[in-house]
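Take a look at the structure set out below.
No experiment lies behind these values; they were computed from the predicted model shown.
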2 protein chains.
Amino acid sequence: MGKDGFIGSLEELVLLALARVHARGDDEAAYGMTVRRELEERAGRDVSIGAVYSTLDRMEAKGLVRSRLADPDPARGGRPRRYFSLTEEGVAAVGQARSMRDRLWDGLEGALDYPG
Amino acid sequence: MGKDGFIGSLEELVLLALARVHARGDDEAAYGMTVRRELEERAGRDVSIGAVYSTLDRMEAKGLVRSRLADPDPARGGRPRRYFSLTEEGVAAVGQARSMRDRLWDGLEGALDYPG
DNA sequence: GCTTGCATTTCTGCATTGTAGGAATGCAGC
DNA sequence: GCTGCATTCCTACAATGCAGAAATGCAAGC
C-alpha cells in the first residue's frame, strides 16, 4: 500500500468478506476460518488459510483491520480464536478501491460485453 | 495470476483504462502514455510510466493484451509507438474480477457507509 | 498420564505483482 | 553534431499473494 492507501486485490476481497460476516450480525463470528469460507462460498475464490492470515496480518500492521483474542476460557478445544474487524481506514480503503474502479467502468458496460 | 486467471489490482485498472481509450473510438490512440493519462485523469491514480509498461508487458506475456508497433515511417519524432488492445482473455479477466467483487459487495452498501 | 483428534493460528519461503527511475531510441530542427 | 522531445525499454527493489507444514491448546478415550 504505497502510502497512498491503495490496496491489493486479495486485500480488498478479504476486507469485504470480513465486512460480510460482520454484517450478518455476530461480531464474534469473524475470524480466519470464517473469512476464508465466506470468500469461497460467496466469491468462489478458494485461497489457503495461510494466505488469508498473512493478508490479515499485513493489513493489521497497516491499520486496516484490528484483532483481539477470544475469551480466555474457551469451552471448545483448539487455539484461541482471533477475531477481526475493519477499522475506519479499512472501510475507507475499500470505498476508495471501489470508487476508483467505478469511475473507470462508467460508460464501459456496453463496450466490453460484460454480462451485467 | 495463479493459473486461475485472477489478476492484480493494477492490472485490472490498466485493462480498464485501455478499454476506455479504445471505446473512445480511435484504436490508434491506445498506447502507454495515453493509458497512463487515462488512469490519472479518470481514476486519480498516478502511476509512473515505467509501472504502466511493466504491467502491460506482463499482461501481454499472459495473453491478456496484445500489442503491435506503429507504422514504419512515422512523420512524428520519437520511438515508434506500441499500440495495445485487450484480448478475449483480457475482457474475461476484468469481467471475472468484477463479478467476484460484486458478489461480495451485494447487500453490503448500507452496512459499510460507502458514499454511493 | 499418554495418545489421538480437532480447530485454529503461526511460521517460513517462494512466486507474482507493483513501482520508480533512468537509459536508450529515433526523429526534427537548428 | 547538438539539443529537444516523445516514447519505449531495462533494471532493481518493495509489496503482495500464496501454499504447506508446524505449532498450539484443549477434550476425550483409554
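Distance from the side chain of A:Ser9 is smallest to D:dG17 among D:dA19, D:dG17, C:dT19. Comparing D:dT7, D:dG25, C:dT8 against the side chain of A:Tyr31 picks out C:dT8 as the nearest. With distances taken from any side-chain atom of B:Arg45 to the nucleotides C:dT8, D:dC18, C:dG18, the minimum falls on C:dG18. Among the nucleotides C:dG26, C:dT8, C:dT19, the one closest to the side chain of A:Met33 is C:dT8. The listed nucleotides are D:dC9, D:dT7, D:dC18; the one nearest the side chain of B:Arg82 is D:dC9. Comparing C:dG18, C:dT19, D:dC18 against the side chain of A:Ser48 picks out D:dC18 as the nearest.
Note: CZ (A:Phe6) to P (C:dT19) measures 8 Å, nearest angstrom. Nucleotide D:dA15 holds its P atom 16 Å from the CE atom of A:Met59, rounded to whole Å. Protein atom CE of A:Met100 is 13 Å distant from nucleotide atom C1' of C:dG18, rounded to whole Å. A:Asp46 places its CG atom 17 Å from the P atom of D:dG17, with the value rounded to the nearest Å. To the nearest angstrom, P of C:dT19 lies 14 Å from CD of B:Glu40. Rounded to a whole Å, the CD atom of A:Glu11 is 13 Å from the C1' atom of D:dA14. Atom-to-atom, CG of B:Leu15 to P of C:dG18 comes out at 11 Å; the value is rounded to the nearest Å. The interatomic distance linking B:Glu60 (CD) with D:dC10 (P) rounds to 13 Å, in whole Å.
Among residues at least two apart or in separate chains, side chain to side chain donor-acceptor pair (under 3.5 Å) pairs with a member in residues 33-45 of chain B are A:Asp106-B:Arg42, B:Arg20-B:Glu38, B:Arg24-B:Glu38.
If you check every strand for non-hydrogen atoms under 4.0 Å, A:Arg36 touches nothing. Using a 4.0 Å heavy-atom criterion, one finds that A:Gly32 contacts the sugar-phosphate atoms exclusively.
Side chain B:Ser54 to base C:dT19: a donor-acceptor pair is found below 3.5 Å. Contact of A:Arg81 with D:dG25 (side chain to base): no donor-acceptor pair of N or O atoms is detected under 3.5 Å.
Note on A:Thr55: every side-chain N or O is 4.0 Å or more away from OP1 and OP2 of D:dC18.
A salt bridge links A:Lys62 with A:Glu11: at least one charged nitrogen is closer than 4.0 Å to a carboxylate oxygen. A salt bridge links B:Glu12 with B:Arg101: the distance from a Lys NZ or Arg NE/NH1/NH2 to an Asp or Glu carboxylate oxygen falls below 4.0 Å.
For B:Leu39 against B:Ala17, the heavy-atom pair with the smallest separation is CD1-CB, 3.6 Å.
Residues satisfying the salt bridge (Lys or Arg N to Asp or Glu O under 4.0 Å) criterion with B:Glu60, sequence neighbours excluded, are B:Arg82.
Both A:Ile49 and A:Glu12 lie close to DNA chain D; mapped to their nearest nucleotides by heavy-atom distance, the more 5′-ward contact belongs to A:Glu12.
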